[in-house]
Protein chains: 2
Amino acid sequence: MKFSKIPSATITRLSLYSRALEDLMHGQVNIIASDKLAQKCGVNPAQVRKDLAYFGEFGVRGVGYFVKELLFEIKKILGLNRRWRMALIGIGNLGLALVAHENFLKQGYEFVAVFDVDPKKVGRRLPSMQMIHGMDELEAIVKEKQIEIGVIATPASQAQATARLLVAAGIKAILNFAPVQIQMPEGFIVDNVDFTVKLDNLAYHLTMEAV
Amino acid sequence: MKFSKIPSATITRLSLYSRALEDLMHGQVNIIASDKLAQKCGVNPAQVRKDLAYFGEFGVRGVGYFVKELLFEIKKILGLNRRWRMALIGIGNLGLALVAHENFLKQGYEFVAVFDVDPKKVGRRLPSMQMIHGMDELEAIVKEKQIEIGVIATPASQAQATARLLVAAGIKAILNFAPVQIQMPEGFIVDNVDFTVKLDNLAYHLTMEAV
DNA sequence: CCATTCTTGTGCAAACAATCACATAAAATG
DNA sequence: CATTTTATGTGATTGTTTGCACAAGAATGG
Ligand SMILES: NC(=O)c1ccc[n+]([C@@H]2O[C@H](COP(=O)([O-])OP(=O)(O)OC[C@H]3O[C@@H](n4cnc5c(N)ncnc54)[C@H](O)[C@@H]3O)[C@@H](O)[C@H]2O)c1
Ligand SMILES: NC(=O)c1ccc[n+]([C@@H]2O[C@H](COP(=O)([O-])OP(=O)(O)OC[C@H]3O[C@@H](n4cnc5c(N)ncnc54)[C@H](O)[C@@H]3O)[C@@H](O)[C@H]2O)c1
């Protein structure tokens, strides 16, 4: 491991590599060259090699990378060799889709608790039999279940307040689906999944092309 | 307008600015300085000014930017001064959340047709009364309704094949929710909304911190 | 109407990221 | 066992993005 700073884009790509390798392993492929892996992920082959080189020498010259071994290493780097416990805040349309999505669990991400403010929802159970908790239980449950990641799926207007509650409850990282930029204190991580920004990007490119 | 190349990160930020300005307009704010706008969006003030400068001089020195006017300009740049017609492919958990989401329409994005392969779904109507079409109708409906954007919410294994059908049907841009990298012919645009990559990013940072 | 204050627009340097090109090492070949 | 082939790892290079620092323009106030 080299102790230079790792480009953030590298981390994003490692995630893509891991996914591609998972796919290759399913397809009984044992060895892959940087060319092929790069093509599968839509990046430059040298990029693949350089990204990996930040963390060690995983390949064999003249041969390529052993799929299983490389996947193991990347998962270790990303911290995917363990289970991550998450809380979902706001069980509306999107929240329901998220907790129903079984791929997260396969990847090691588990929604261990679900919260909402709507009195019509609190106290009921999801189809999965999971209980919907009120926000007053947040801190206790986060502590009890050692939850580290909070997922915000509340309306945008409530997202910042929700983030504060999550921080107060002892959560370290937030994945935010609400279309607002959330301000966090030093040392906490937020990442946004932003549908509209992506659509705007498409709209811009379509508009440009037409000119 | 300067005919230098526009950084793609600039386009992403324009989307954030537009959202922040919308919010400010709601709050009856008429004028905003780059400092404040930057803070709201979590970027550097000089960045805001430079991003805008690619497209023109929208501010008044010593004063700031007129919120309404700047919002209008940014929307024009991004192509948000019109309606965009979209097709949704794959009406599962996520697809249902997407079509139910009324914010898209407010922003000018409309799902004008919904498709699936499941014979139990095709021919039925959504709660919104929208018909679920079979994939055999794709091309005809894309043409008839002049759909330009395709949204893929099928399982990952079906995403590439679906993308090909969309291209064949005459669609120009795709927003892909499936966790795979989609290969597209020259001149077509794909963008991915990638939940897992974001989670992996959080996992990595949490893992690093702990070291 | 000059001085002061404020905030934009931008040239330039620094930081960051992607790509090329080749030395290096392992395997295959004859 | 020398030679060729293959594909990694990485220094050098090129390209892109960000951020500083300040000149320039607009309003304000005495
Ligand atoms: N549904 C989509 O496809 C979609 C797409 C893009 C963005 N989003 C964003 O995701 C978020 C959720 O979307 P949705 O469609 O599920 O909305 P929704 O209205 O269906 O669900 C929101 C849920 O949050 C709960 N809630 C409200 N305030 C809360 C609070 N302070 N604390 C806890 N829970 C609270 C509500 O009771 C409700 O159950 C929104 O910010 C939306 O803009 C959704
Ligand atoms: N649900 C989530 O929160 C979530 C989160 C992250 C990623 N995703 C991704 O989004 C996609 C959809 O997820 P989901 O949870 O809605 O899955 P889902 O299984 O609930 O729905 C998929 C739908 O696609 C339809 N479909 C299958 N093959 C098709 C084809 N060839 N053409 C058209 N339709 C087809 C199915 O009939 C089904 O209705 C998946 O790729 C998933 O990995 C979902």
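What's counted below: heavy atoms across the whole structure, side chains too, no hydrogens, waters or symmetry copies. Letters A, B, ... are given to chains in the order of the sequence lines, protein chains preceding strands, and every chain is numbered from 1.
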Trainee: Pair up each side-chain donor or acceptor in residues 142-150 of chain A with any protein partner under 3.5 Å, not counting sequence neighbours, and list the distances.
Mentor:
residue	atom	partner	partner atom	Å
A/K143	NZ	A/E139	OE2	3.3
A/K145	NZ	A/V112	O	3.2
A/E148	OE1	A/R82	NH2	2.8

Trainee: Got a sec, which residues hit side chain to side chain donor-acceptor pair (under 3.5 Å) with B/E110, two or more places apart in sequence or on another chain?
Mentor: B/R83

Trainee: Who are the ring-ring contact (aromatic ring centres under 6.0 Å, His included) partners of B/H133, not counting sequence neighbours?
Mentor: B/F115

Trainee: Give the rounded distance in Å between these two atoms: CZ of A/F55 and P of D/dT10.
Mentor: 14 Å

Trainee: Can you give each donor-acceptor pair under 3.5 Å made by side-chain atoms of residues 88-106 of chain B, sequence neighbours left out, with the distance rounded to 0.1 Å?
Mentor:
none

Trainee: Once salt bridge (charged side-chain N to carboxylate O under 4.0 Å, His left out) is applied, do any residues pair with A/D51, and if so which ones, sequence neighbours excluded?
Mentor: A/R13

Trainee: ring-ring contact (aromatic ring centres under 6.0 Å, His included) with B/F195: which residues, sequence neighbours excluded?
Mentor: A/F177

Trainee: Test of understanding: with side chain to side chain contact (heavy atoms under 4.5 Å, CB included), list the residues that count as partners of B/V63, not counting sequence neighbours.
Mentor: B/I31, B/V60

Trainee: Which of residues 18-38 of chain A have a heavy atom under 4.0 Å from DNA chain C?
Mentor: none

Trainee: When you compare the protein's N or O atoms with those of nucleotides 14-21 of chain D, which come within less than 3.5 Å of each other, and at what distance?
Mentor:
residue	atom	partner	partner atom	Å
D/dT18	OP1	B/R13	NH1	2.9
D/dT18	OP2	B/R13	NH1	3.4
D/dT18	OP2	B/R13	NH2	2.8
D/dT18	OP2	B/Q47	OE1	3.3
D/dG19	OP2	B/Q47	NE2	3.1
D/dG19	O6	B/K50	NZ	2.4
D/dC20	OP2	B/N44	ND2	3.4
D/dA21	N6	B/R49	NH2	3.4

Trainee: Go through the structure and list residues passing side chain to side chain contact (heavy atoms under 4.5 Å, CB included) with A/N30, not counting sequence neighbours.
Mentor: none

Trainee: Within the 4.0 Å limit for protein heavy atoms, which parts of nucleotides 23-30 of chain C are touched? Write it as a string from 5' to 3', B for base, S for sugar-phosphate only, - for none.
Mentor: -BBSS---

Trainee: Expressed in angstrom and rounded to an integer, what is the separation of A/I11 atom CD1 from C/dA18 atom C1'?
Mentor: 16 Å

Trainee: So if I apply the side chain to side chain donor-acceptor pair (under 3.5 Å) rule between A/S34 and each of A/Q39, A/K50, A/R49, which one comes out positive?
Mentor: A/R49

Trainee: Sequence neighbours excluded, which residues qualify as side chain to side chain donor-acceptor pair (under 3.5 Å) partners of A/N192?
Mentor: A/N176

